[in-house]
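The figures here come from the full heavy-atom set of this structure, side chains too, leaving out hydrogens, waters and symmetry mates. The structure displayed is predicted, hence computed values, not measured ones.
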Amino acid sequence: MNSSTPVQKLSIDDLDPKEYIIIKNAKVNNLKSLSVAIPRNKLVVVTGLSGSGKSSLAFDTLFAEGQRMYVESLSSYARQFLGRMEKPDVEYIKGVSPAIAIQQKVSTKNPRSTVGTTTEIYDYLKLLFSRIGRTFSPVSGDEVKHHTVTDVVDFIHSFEEGDRVMISCPLQILNERSIKQELELLLQKGFTRILIDGEAHFVEDLVTEKKMPKGRYEILIDRATVQKEDEDNQFRIADSVQTAFFEGHGECTILIPDKANRTFSDKFELDDITFELPSVNFFSFNNPYGACRTCEGFGSVLGLDPDLVIPDKSMSVYEGAIAPWRGETTGKWLEPLVKKGIYFDFPIHRAYEDLTEAEKELLWTGNSYFKGLNEFFSELESKTHKIQYRVMLSRFRGRTTCPDCRGTRLRKDASYVKIAGHSITDIVLMPIEKALPFFQNLDISPAEQKVANRLLKEILNRLEYIDKVGLGYLTLNRLTSSLSGGEFQRIKLATSLGSALVGSMYILDEPSIGLHPRDTDRLIEVLKALRDMGNTVIVVEHEEKIMKAADEIIDIGPDAGVKGGNLMFQGNLEELISNSDTYTAQYLKGEEKINIKQSNRKWKDSIVVKGARENNLKNVTTKFPLHALTVVTGVSGSGKSTLIKKVLYPALGKIHGTVIDETGKFDKLEGDYKKITQIEFVDQNPIGKSSRSNPVTYVKAYDAIRALFSELPVSKQRGYKPAFFSFNVDGGRCEACQGEGTQTVEMQFMADIHLTCESCKGKRFKAEILDAKYKEKDISDILDMTIDEAMEFFQGKNQIINKLQPLQEVGLGYIGMGQSSNTLSGGEAQRVKLASFLGKGGNKSGDHILFIFDEPTTGLHFHDIKKLLHSINALIDQGHTVIIIEHNTEVIKSADWVIDIGPEGGERGGNITFEGTPEALMEVKDNYTAKYLREAFDGN
């Protein structure tokens with residue numbers, strides 16, 4: 001269906017580049033000589049079907065030109081390291097501002113990367129604590145101070161003019177020398193007097209004595225008077241104090257007769273502990289100097305995991321709650337506890353979860369009647385030369401939080417340095433929503449404020465943005481690798497916003513990914529704030545709420561791939577609804593609807609997860625119906641991904657022996673889980689790591705195409721087998737580029753350069769293989785087609801059509817047959833995986849597969865979501881079960897069963913707030929998902 005015709009090309013030659021960012025005749029990828037003028041300092045949404053050309057316009061054209069102009073502005077020396085950036089295929093682009101792109105990126109797996117380091121807040125914290133942090137002794141709680149020469153001189157000048165001063169230091173006797181020998185050395189150094197118990201003696205008189213007097217020996221460094229205006233006198237006193245610190249190994253005594261007698265020390269010590277002077281590296285866990293000695297800066301250690309030792313908390317000690325003591329041999333450790341527990345009043349028949357903390361601790365420590373778990377594991381450790389003991393130990397070991405640094409990765413003494421009573425470890429373990437008011441109300445002295453002013457401004461700026469994008473429940477210590485996709489996107493967004501640039505062009509790639517509608521409202525506020533600061537904000541987006549908040553909407557289409565690339569509409573929301581007939585307008589007006597719920601679907605079997613406690617889950621129990629579509633929803637950070645990815649999927653996967661990931665904490669699986677024959681987690685990871693991998697080979701359509709080409713007369717005459725038409729194996733492929741069509745030149749200090757293969761001219765195959773043609777097309781021409789074109793071309797060839805059709809059904813008709821899989825977006829990769837299962841053609845074997853989808857609407861227009869839901873329902877009709885982690889209200893409406901987790905994110909989440917049908921959910925009061933679901937139903 002061609003829903004609209006392209007709008008007339010704008011007469012943009014006369015527009016002012018100070019008012020607009022002007023693109024004329026862009027032909028990048030599938031863009032059809034597209035011209036557009038984007039108004040400056042506005043919130044602009046670029047929308048359209050998936051594959052219509054939105055990213056080509058925003059990133060491959062506009063951002064690429066902004067980057068290229070920046071690189072071209074650098075010196076020729078700097079440019080050689082950045083590589084030559086090609087100019088986009090466009091007549092001209094005028095008015096380009098400095099460009100910042102916040103694209104979809106897979107979260108980093110670096111075990112040292114945290115929210116604090118990713119947002120740069122931790123860098124400022126390190127500086128702040130090294131500059132104004134005060135060290136406190138863990139013994140007495142007193143502040144640790146060391147004195148400088150200035151401190152001593154200021155003390156002396158605090159007395160009255162003309163007061164006499166004596167500067168001395170303790171006599172240090174080294175290398176087993178006698179006092180006499182030490183005094184002789186003092187004479188050689190030029191010192192003439194010594195104090196013994198405060199009484200002055202000439203050194204040269206004492207060295208002639210046969211027996212040295214007893215008492216406290218001090219070197220009299222200098223005698224002077226207080227003269228506050230005499231600069232020479234000040235220099236003399238300062239020099240004497242410096243000498244006293246040196247000779248006294250850090251100690252200096254000032255005596256003002258009849259007024260004061262005080263000892264100063266330049267050592268950083270207190271309570272017989274020598275402390276480290278705070279520095280930036282002292283607070284860096286990525287530096288050996290600041291990293292925790294126990295966990296080496298990783299925050300966790302390999303130790304005994306209590307949840308593996310006592311896996312089922314609902315069992316009693318008598319029933320076998322202690323897993324390592326269930327065996328015939330190891331059961332002997334349990335016998336004394338069971339038989340003698342009555343003597344110390346231990347409830348052996350009470351469930352472990354109902355025991356007091358003291359009783360739980362007793363199981364580990366033991367007493368005079370029985371030996372505890374600690375002693376049991378110590379004995380195993382002593383026998384690790386035998387393999388059976390090593391195997392047993394490994395079964396109960398896991399990653400546990402480092403006891404020394406509390407998981408903060410910092411050396412223990414870094415926590416002795418505090419600002420306003422809080423150490424850096426306290427701050428990184430606080431939720432950001434608590435850290436923000438701490439810094440806003442920080443009570444420090446005016447001198448400290450002067451030093452910290454700039455640092456505090458940067459810290460507060462970033463914390464405020466993180467809180468505004470709805471991530472206040474995170475801690476700065478949270479591992480980046482443990483964040484959900486939506487959380488990571490917003491962390492990157494907050495980092496960019498925290499820099500607070502003005503006059504820039506921000507280009508965002510679907511920032512609403514992974515966001516609950518409640519959080520989307522917060523995101524819109526942030527985008528508007530960014531615009532109001534004087535920036536042009538261009539958002540590639542399908543989310544209806546963001547479209548409604550935009551100043552300008554640019555709709556690209558009408559369809560995807562070769563049928564897209566035209567400017568269909570430009571204007572505000574009211575104009576789009578009243579004057580346009582694009583797919584976007586039809587869905588916004590309600591002329592097209594997504595809701596395709598199978599209302600007559602019945603189910604009776606289900607899987608039950610009991611007592612899930614991983615991350616922020618609050619000991620929840622929930623059921624998942626079989627042969628139905630279940631949607632797990634809730635605000636960002638509520639615990640959806642934890643429940644599905646860390647508990648349900650690994651637990652079921654281990655039963656089938658297909659998953660080795662660590663299972664999150666939960667009690668047990670119940671229900672009809674044994675009816676599941678296979679479990680498939682359809683995520684957004686690439687479908688293949690090889691650059692030769694592509695969607696057509698993934699869905700096995702290319703096998704039928706190769707077979708067809710091997711049956712051609714030329715192929716039979718020359719003996720070309722199906723393998724000759726493969727670019728993955730030797731035979732017919734071009735060996736110069738090994739079937740890739742391009743050759744990669746690795747460059748030192750530069751981006752790798754991809755050059756078209758000179759041997760095959762990018763065709764991938766040897767010239768003689770290309771002589772085999774079907775309907776005047778060789779195998780290289782076939783790979784250059786889109787899926788839609790191939791569906792028409794291979795009409796009548798059911799083996800090929802049946803394999804390609806699922807790709808078209810999930811909305812991927814626009815992608816190229818030979819398109820490299822690593823060029824697909826996360827959402828596209830997910831739909832290719834879905835198509836591969838649909839392409840298996842029914843469920844003749846009677847398998848019951850549980851499919852888990854992680855936010856499959858990522859990057860999808862309303863029209864594509866409709867196609868996706870049809871495909872997912874087809875899986876259920878084949879006898880399978882589908883669970884989707886999703887926020888999209890259209891998908892929630894189409895579900896058979898909804899599990900809502902919340903009510904908030906982080907610590908205030910992790911509860912099951914609702915289980916039931918979407919219709920029942922709408923009736924619930926004070927529920928975020930219910931509120932937005934009601935709005936969605938009212939809209940349609």
ask   = Any chance the side chains of Asn572 and Glu552 put a donor and an acceptor closer than 3.5 Å?
value = no
Pi-cation contact, Tyr465 with Lys468 (under 6.0 Å, within 45°) = yes
query = Is there a donor-acceptor contact under 3.5 Å linking the side chains of Tyr932 and Asp521?
reply = yes
message = Which residue is it: Arg531, Arg40, Lys42, Lys528? I am looking for the one with a salt bridge (Lys or Arg N to Asp or Glu O under 4.0 Å) to Asp551.
response = Arg531
task = Report the residue from Val45, Ile553, Asp555 that forms a side-chain contact (heavy atoms from CB on, under 4.5 Å) with Thr584.
result = Asp555
inquiry  = Just by distance, no angles: are the side chains of Glu541 and Ser512 close enough, under 3.5 Å, to form a donor-acceptor pair?
reply    = yes
task = State the OG1-CD distance between Thr119 and Glu458, to the nearest 0.5 angstrom.
result = 11.5 Å
ask   = Cut-off 3.5 Å, side chains only: do His542 and Thr47 have a donor facing an acceptor?
value = no
query = Of Asp16, Ile22, Leu15, which is the lone residue that meets side-chain contact (heavy atoms from CB on, under 4.5 Å) with Lys94?
reply = Ile22
message = Checking the side chain of Asn30 only, and the main-chain atoms of Ser52 only, is there a donor and an acceptor separated by less than 3.5 Å?
response = yes
message = Could you check whether any side-chain heavy atom of Asp854 comes within less than 4.5 Å of a side-chain heavy atom of Ile884, counting everything from C-beta outward?
response = no
query = What is the ring orientation for Phe862 with Tyr587, classed by angle as parallel under 30°, tilted 30 to 60°, or perpendicular over 60°?
reply = parallel
task = Locate the shortest heavy-atom distance separating Asn41 from Gly534; write the atom from each residue and the value.
result = OD1-O, 3.3 Å
Val832 vs Leu812, side-chain contact (heavy atoms from CB on, under 4.5 Å): CA-CA, chis, key distance, verdict = CA-CA 8 Å; Val832 170; Leu812 291 177; 3.5 Å; yes
message = Does atom NZ (Lys27) have a neighbourhood of more than 12 heavy atoms from anything else shown, all under 6.0 Å?
response = no
inquiry  = Taking Asn25's backbone N and O only, do any of them form a donor-acceptor pair with Ser35's side chain (distance below 3.5 Å, no angle check)?
reply    = yes
Contact check, side chains of Ile556 and Leu57, non-hydrogen atoms, under 4.5 Å = yes
ask   = Between Thr857 and Glu886, is a side chain to side chain donor-acceptor pair (under 3.5 Å) present by the stated rule, with each step listed?
value = CA-CA 8 Å; Thr857 61; Glu886 189 55 83; 2.9 Å; yes
task = Could you please spell out the steps behind the side-chain contact (heavy atoms from CB on, under 4.5 Å) verdict for Gln808 and Lys867?
result = CA-CA 9 Å; Gln808 196 177 45; Lys867 291 181 182 177; over 6 Å; no
message = Under a 3.5 Å distance rule, please check whether Arg764 uses its side chain to pair with a backbone N or O of Gly741 as donor and acceptor.
response = no
task = Mind checking the CD-CD1 spacing from Gln67 to Ile100? Nearest 0.5 Å is all I need.
result = 9.5 Å
query = Does the side chain of Ile21 reach to within under 4.5 Å of the side chain of Met505, using non-hydrogen atoms?
reply = yes
message = Once you measure the plane-to-plane angle for His863 and Tyr583, does it fall in the parallel (<30°), tilted (30-60°) or perpendicular (>60°) bin?
response = parallel
query = Within the side chain of Lys640, is there an N or O that forms a donor-acceptor pair under 3.5 Å with the backbone of Val635?
reply = yes
request  = Would you indicate whether the side-chain heavy atoms of Ser50 and Arg831 approach each other to under 4.5 Å?
outcome  = yes
message = If I take atom CG from residue Leu471 and atom CD from residue Glu433, how far apart are they, to the nearest 0.5 angstrom?
response = 10.5 Å
message = I'd like to know if the side chain of Asn535 and the backbone of Gly503 have a donor-acceptor N/O pair within less than 3.5 Å.
response = yes
inquiry  = So which atom in Tyr814 and which in Ala560 form the shortest heavy-atom distance, rounded to 0.1 Å?
reply    = CD2-CB, 3.3 Å
Contacts of Lys548 that satisfy side chain to side chain donor-acceptor pair (under 3.5 Å) - sequence neighbours left out = Glu544
message = With a sphere of 6.0 Å drawn around NZ of Lys563, does it hold more than 12 non-hydrogen atoms of other residues, nucleotides or ligands?
response = no
Side-chain donor-acceptor pair present, Ser56, Asn29, cut-off under 3.5 Å = yes
inquiry  = Under a plain distance cut-off of 3.5 Å, with no hydrogens placed, do Glu120 and Thr495 share a side-chain donor-acceptor pair?
reply    = no
message = Side chains of Thr118 and Thr480 only: does a donor on one sit below 3.5 Å from an acceptor on the other?
response = yes
query = With Glu575, which residues qualify under side chain to side chain donor-acceptor pair (under 3.5 Å), at least two apart?
reply = none
query = Given side chains that start at C-beta, do those of Tyr506 and Thr536 come closer than 4.5 Å, heavy atoms only?
reply = no
ask   = Is there side-chain contact between Asn566 and Leu34, with at least one heavy-atom pair below 4.5 Å?
value = no
task = Check whether more than 12 heavy atoms from other residues, nucleotides or ligands sit under 6.0 Å from atom CZ of Phe63, and answer yes or no.
result = yes
key: Any Asp864 side-chain heavy atom under 4.5 Å of His861 side chain   = yes
ask   = Using 4.0 Å as the upper bound for N to carboxylate O, is an ion pair formed by Glu890 and Lys893?
value = yes
ask   = Judged by atom type as modelled, is there a donor-acceptor pair below 3.5 Å linking the side chain of Lys32 to the main-chain atoms of Gly564?
value = yes
ask   = Could you give the distance from CD1 (Ile892) to OG1 (Thr633), rounded to the nearest 0.5 Å?
value = 3.5 Å
inquiry  = Show the nearest heavy-atom pair for residues Thr520 and Glu543, with the distance to one decimal.
reply    = CG2-CG, 4.0 Å
request  = May I ask you to test the Ile538-Leu62 pair for a side-chain heavy-atom distance under 4.5 Å?
outcome  = yes
